[in-house]
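Have a look at the structure below before the remarks.
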Amino acid sequence: QVQLVESGGGLVQSGGSLRLSCAASRSIFSSRLIGWSRQAPGKQREFIAYISSSGRTNYADSVKGRFTISRDSAKDTVYLQLNSLKPEDTGVYYCNEPLGGNWGQGTQVTVSS
């Protein structure tokens, strides 16, 4: 079992930025696809972005051009840079490793208007 721990969430004004981090308990990021999802209040969890083991990335249309996913394998950490934040980006952000079915506990992002 791999533990994933997210951090970096917080309260930010509309138009602001945050960088979320997802750290793993052991070295998996260089060989596994890692994704980010979010869950807004009263809504289902939705896909945000992923980065494959080869570095290929993919984004939901709602965040394309504003969010960037990246990986630092030496630190066993995946990042999600959130720019130009909007109130509708508010929610709990989770990282996950689909192959092993691992999810983090989530980090809260709140964007005020």
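Side chains are part of it too, since the values below use all heavy atoms of this structure and drop only hydrogens, waters and symmetry mates. Here, residue 1 is the first one in the sequence, and each next residue gets the next number.
Rounded to the nearest 0.5 Å, atoms OG (Ser112) and CG (Leu85) are 10.0 Å apart. Rounding to the nearest 0.5 Å places OG of Ser70 at 8.5 Å from CG of Leu80. The line from CD1 of Ile34 to CZ of Arg71 is 8.5 Å long, rounded to the nearest 0.5 Å.
Taking 4.5 Å as the limit, every side-chain heavy atom of Val109 sits out of range of all side-chain heavy atoms of Thr90. Side-chain atoms of Gln44 and Gln39, non-hydrogen and from C-beta on, never get closer than 4.5 Å to each other. Residues Leu82 and Leu20 meet the side-chain proximity criterion, which asks for heavy atoms closer than 4.5 Å. Taking the side chain as every heavy atom from C-beta outward, Arg32 and Ile51 never approach each other to under 4.5 Å. Between Val92 and Thr107, the closest side-chain pair of non-hydrogen atoms is not below 4.5 Å. Side-chain contact between Trp36 and Cys22: present, with at least one pair of heavy atoms (C-beta onward) separated by less than 4.5 Å. No side-chain heavy atom of Phe47 sits less than 4.5 Å from a side-chain heavy atom of Arg38. Within the 4.5 Å cutoff, side-chain heavy atoms of Leu33 are placed close to those of Pro98.
With Tyr94 as the aromatic partner, Arg45 meets the cation-pi criteria of under 6.0 angstrom to the ring centre and within 45 degrees of the ring axis.
A 6.0 Å sphere centred on CD of Gln3 holds no more than 12 heavy atoms belonging to other residues, nucleotides or ligands.
Among all heavy-atom pairs drawn from Gly8 and Leu18, the shortest one is O-CD2, 3.8 Å.
The aromatic rings of Tyr93 and Phe67 are tilted relative to each other, their planes meeting at an angle between 30° and 60°.
Thr77 and Asp72 share no side-chain donor-acceptor pair at under 3.5 Å. With no hydrogens or angles considered, a side-chain donor-acceptor pair links Gln108 and Thr110 at under 3.5 Å. Under the 3.5 Å distance criterion, with hydrogens and angles disregarded, no donor-acceptor pair is assigned to the side chains of Tyr59 and Arg66.
Salt-bridge check for Lys64 with Asp61: passed, with a basic side-chain N closer than 4.0 Å to an acidic carboxylate O.
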